[in-house]
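Quick note: numbers below take in every heavy atom, side chains included, and nothing from hydrogens, waters or symmetry partners. Everything numeric here is computed off the predicted structure, so don't read it as measured data.
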Amino acid sequence: MIIEKDNLKYAEWWNRVITDSELLELRYNIKGMFVWRPYGFALMKNLNNEWDSLFAKNRIKETYFPLLVPVEYAEKNKSWWNSFKEQAFYALGYLENEKKVFLRPTGEPAMYPMFKLWIRSHRDLPLRIYETVSSFRSETKSTKALVRDVEIGPWYEIHTCHATKEEAEKEIQLGIKMNEHLYNVLAIYPLKVRKPVADCFPGSVGAVEFYTLMNDSVVENGSCNNLGQTYAKAFNIQFVNDRQKKDYVWQTCTGNGERFLSAVIANHADEKGLVIPPLLASIRASLVLIKLKKKEMNEKIDMGLNEDEFELVETDTIAELGEARYSNERKGIPVRIEIGPKELAEKKAHLLWRTGKKELVAISKIKDNLKKGLDAMQVELLEKTRKELEKRIKPCKNYDEAKKAEIALIGWCGSEKCSGWIKSKTEKEIIGMTLEAKIMPCIECKKKGEAIYVSKSY
Ligand SMILES: [Zn+2]
């Protein structure tokens with residue numbers, strides 16, 4: 001949803017949705033850090049379980065590396081270290097030989113010196129591992145919960161090593177598919193782009209990046225990085241190939257986590273609060289009984305639902321009923337089942353969907369109705385984001401159009417000089433090239449170019 005393109009109002013709305021739904025506690029007294037409340041952490045955990053089983057299915061093994069990273073490891077790749085050292089948190093305290101250490105901002109410097117020890121021959125490849133951890137980066141810019149935090153977590157990062165360039169490229173394709181699977185759970189249709197090399201993760205030779213909508217901008221939300229042999233050379237990760245020759249491994253990395261939830265808030269939440277897609281929901285349905293006890297109802301009718309398929313709220317007064325409804329909406333629980341004495345007499349129940357749909361159904365058919373409704377809601381939310389993204393992307397022939405468009409699709413020749421003009425004349429960022437390359441003349445110099453997306457970006 002777009003809130004009058006007013007970032008202050010949007011920030012207020014953002015924090016209110018997060019706080020009122022009991023997703024997070026934002027009053028923890030370190031800027032850029034927050035507390036996960038049980039309701040929020042249950043959602044995060046659901047997504048975490050989803051990626052655990054997805055990665056297990058694709059034979060990527062879970063691991064855990066220490067939080068503290070020796071500076072000497074980080075210095076092995078200068079381009080990485082130069083882009084992270086300003087944001088690093090150095091740890092104080094006694095370590096042997098007064099070793100300088102810092103908190104992990106990403107996994108590379110801790111992992112790759114170990115890869116060097118583990119990989120000897122082509123039989124040790126491919127190496128495919130991941131960890132789900134917190135990472136730490138100091139933020140001088142303004143922070144925004146779930147989008148820009150000092151402690152980023154939980155988030156996963158996958159790191160792989162391969163014998164050939166082709167295998168590494170296949171891994172990138174798998175990474176894209178796995179991201180799409182997770183976005184499907186979130187009922188989000190993301191924008192996928194290829195990043196120009198200059199904008200990639202430090203040391204990468206290419207990347208596919210996912211973007212999600214946020215107010216009138218887009219936000220980076222997961223990337224699959226092709227590291228080529230840059231890191232292998234910096235960390236000296238070599239193996240003896242099947243022709244008995246030494247070669248450097250080909251590497252990829254990808255990661256995301258809590259920021260996934262920012263897409264759910266930005267794309268699905270409304271004035272009343274969160275709207276949680278059924279596949280992500282920790283509570284899919286609430287049963288709100290009005291002047292009625294569950295025990296009493298059970299004596300008269302069997303709903304056919306297991307106790308773990310809904311959250312039960314028994315209300316006696318108007319105030320209690322009001323609070324139950326309000327809390328339900330703030331938390332974005334997909335559906336509320338309401339039954340009072342009148343409905344019970346008619347053996348009917350109201351189904352009130354968080355997307356606005358209302359139904360009166362036979363209590364004996366609730367189970368079927370819930371299943372159908374939850375499936376439909378998941379599709380409806382996904383479709384809504386697909387249409388919204390399509391609506392915002394506009395192919396533009398000139399700067400006037402590109403300036404007005406939310407996400408402009410224009411041509412770019414690839415030169416740095418033209419990218420500078422494009423950014424200043426559109427007052428937007430270059431997000432990336434279309435996933436399938438499209439020929440389009442450069443909007444600036446009119447030479448042959450490729451189609452790129454240009455948008456405001458967080
Ligand atoms: Zn140009």
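- Closest approach of N221 and Y183 over heavy atoms only: O-OH, 2.6 Å.
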**Request:** Would you please test E401 and K394 for side-chain contact (heavy atoms from CB on, under 4.5 Å) and show each step?
**Result:** CA-CA 8 Å; E401 289 175 14; K394 291 213 173 72; over 6 Å; no

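- Two residues are said to be in side-chain contact when any heavy atoms from C-beta on lie closer than 4.5 Å; C253 and E108 meet this criterion.
- Between the side chain of T19 and the backbone N or O of R16, no donor-acceptor pair lies under 3.5 Å.
- For the pair M178/I60, a side-chain contact is recorded, criterion being any heavy-atom separation below 4.5 Å from C-beta on.
- Annotation: K45, atom NZ; neighbour count of heavy atoms from other residues, nucleotides and ligands within 6.0 Å does not exceed 12.
- A donor-acceptor pair under 3.5 Å is absent between the side-chain atoms of D149 and the main chain of E151, judged by distance alone.
- Among all heavy-atom pairs drawn from K195 and C200, the shortest one is CB-SG, 3.7 Å.
- Ion pairing between a basic and an acidic side chain is recognised when a charged N comes within 4.0 Å of a carboxylate O; K170 and E167 show no such pairing.
- Enclosure of atom NZ in K165 is not indicated, since only 12 or fewer non-hydrogen atoms of other residues, nucleotides or ligands lie within 6.0 angstrom.
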**Message:** Show, in sequence, the C-alpha distance, side-chain angles and deciding distance for L370 and L305, and conclude whether the side-chain contact (heavy atoms from CB on, under 4.5 Å) test is met.
**Reply:** CA-CA 10 Å; L370 281 187; L305 291 177; 3.9 Å; yes

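- Judged purely by atom type and a 3.5 angstrom limit, R259 uses its side chain to pair as donor or acceptor with the backbone of V147.
- For the pair N225 (side chain) and L227 (backbone), a donor-acceptor distance under 3.5 Å is absent.
- Closest approach of P278 to L374, counting heavy atoms only: CG-O, 3.4 Å.
- A salt bridge does not link R284 with E309: none of the charged nitrogens is closer than 4.0 Å to a carboxylate oxygen.
- No side-chain donor-acceptor contact under 3.5 Å links N267 and T385.
- Atom CG of residue D124 and atom CD1 of residue I237 lie 12.5 Å apart, to the nearest 0.5 angstrom.
- In this structure, I439 and K448 have side chains that are in contact, with non-hydrogen atoms separated by less than 4.5 Å.
- Under a 4.0 Å N-O distance rule, the pair E406/K391 does not qualify as a salt bridge.
- Tested against Y112, the residues Y73, F235, W80, Y248 include a single ring-ring contact (aromatic ring centres under 6.0 Å, His included) partner, F235.
- Within a 6.0 Å radius of CG in D308, other residues, nucleotides and ligands contribute more than 12 heavy atoms.
- Considering only residues two or more places apart in sequence or on other chains, Y399 meets the side-chain hydrogen bond (donor to acceptor under 3.5 Å, both in side chains) condition with E444.
- Between I333 and R354, the shortest heavy-atom distance links the atoms O-CB, 3.5 Å.
- Atom CD of E75 sits about 10.0 Å away from atom CG of N82, to the nearest 0.5 Å.
- Residue K272 places its NZ atom among 12 or fewer non-hydrogen atoms of other residues, nucleotides or ligands, all under 6.0 Å distant.
- For the pair P190 and T212, the tightest heavy-atom approach, listed with the atom from each and the gap, is CB-CG2, 4.3 Å.
- Ring-plane geometry between W51 and F55 is classed as parallel, the angle between the planes falling under 30 degrees on a 0 to 90 degree scale with a further cut at 60.
- No donor-acceptor contact under 3.5 angstrom links the side chains of N256 and T254, judged on distance only.
- Considering only heavy atoms from C-beta on, W13 stays 4.5 Å or farther from N215 through its side chain.
- A donor-acceptor pair is defined here as one N or O able to donate and one able to accept, closer than 3.5 Å; no such pair exists between the side chain of N77 and the backbone of P109.
- Of the possible polar contacts, one joining the Q378 side chain to the N184 backbone as a donor-acceptor pair under 3.5 Å is found.
- Scanning all heavy atoms of the two residues, the minimum distance from K428 to A402 falls at NZ-O, 3.0 Å.
- Annotation: W421, atom CH2; neighbour count of heavy atoms from other residues, nucleotides and ligands within 6.0 Å does not exceed 12.
- Within the 3.5 Å criterion, the main-chain N or O of G153 finds a donor-acceptor partner in the side chain of E258.
- We find the CG-CZ distance between L182 and F260 to be 5.0 Å, quoted to the nearest 0.5 Å.
- Side-chain contact between D247 and K245: absent, with no pair of heavy atoms (C-beta onward) separated by less than 4.5 Å.
- The backbone N or O of I431 sits nowhere less than 3.5 Å from a side-chain atom of E429 that would complete a donor-acceptor pair.
- Salt bridge status for D375 with K371: present, with a side-chain N to carboxylate O gap under 4.0 Å.
- Aromatic ring orientation, F34 versus W36: perpendicular (interplanar angle above 60°, classes split at 30° and 60°).
- Donor-acceptor pairing under 3.5 Å is lacking for the side chains of T63 and E131.
- L43 is not listed as a side-chain neighbour of V264, based on a closest heavy-atom distance of 4.5 Å or more.
- The pair R386-E390 meets the salt-bridge criterion, with a side-chain N (NZ, NE, NH1 or NH2) lying under 4.0 Å from an Asp/Glu carboxylate O.
- To the nearest 0.5 angstrom, D199 atom CG is 12.0 Å from S223 atom OG.
- There is a side-chain donor-acceptor pair under 3.5 Å between W155 and S135.
- Side-chain atoms of L68 and L103, non-hydrogen and from C-beta on, do get closer than 4.5 Å to each other.
- A salt bridge between E450 and R194 is present, with a side-chain N of the basic residue lying under 4.0 Å from a carboxylate O of the acidic one.
- Aromatic ring centroids of Y453 and Y211 lie 6.0 Å or more apart.
- A cation-pi geometry, defined here as NZ or CZ lying under 6.0 Å from the six-membered ring centre and within 45° of its normal, does not hold between R128 and Y130.
- Separation of atoms CG (L26) and CG (N15) is listed at 5.0 Å; rounding is to 0.5 Å.
- Between F115 and F65, the ring-plane angle classifies as perpendicular under the 30° and 60° cut-offs.
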**Request:** Just do the side-chain contact (heavy atoms from CB on, under 4.5 Å) check on E311 and N328 with the steps written out, would you?
**Result:** CA-CA 10 Å; E311 166 208 62; N328 234 261; 4.2 Å; yes

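- Atom SG of residue C413 and atom CD1 of residue I443 lie 11.5 Å apart, to the nearest 0.5 angstrom.
- Within the 4.5 Å cutoff, the side chain of Q229 has no heavy atoms near those of the V205 side chain.
- Side-chain N or O atoms of N48 include none that pairs as donor or acceptor with a backbone N or O of M44 at under 3.5 Å.
- Side-chain atoms of R336 never come within 3.5 Å of backbone atoms of E329 as a donor-acceptor pair (strictly under, hydrogens ignored).
- Cation-pi check for K331 over Y39 is met; the charged atom lies under 6.0 angstrom from the ring centroid and within 45 degrees of its normal.
- Note on ring orientation: taking the six-membered ring where Trp is involved, the planes of Y90 and F102 are tilted (angle from 30° to 60°).
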**Request:** Run the numbers on C224 and T252 for side-chain contact (heavy atoms from CB on, under 4.5 Å), then give the verdict.
**Result:** CA-CA 7 Å; C224 302; T252 78; over 6 Å; no

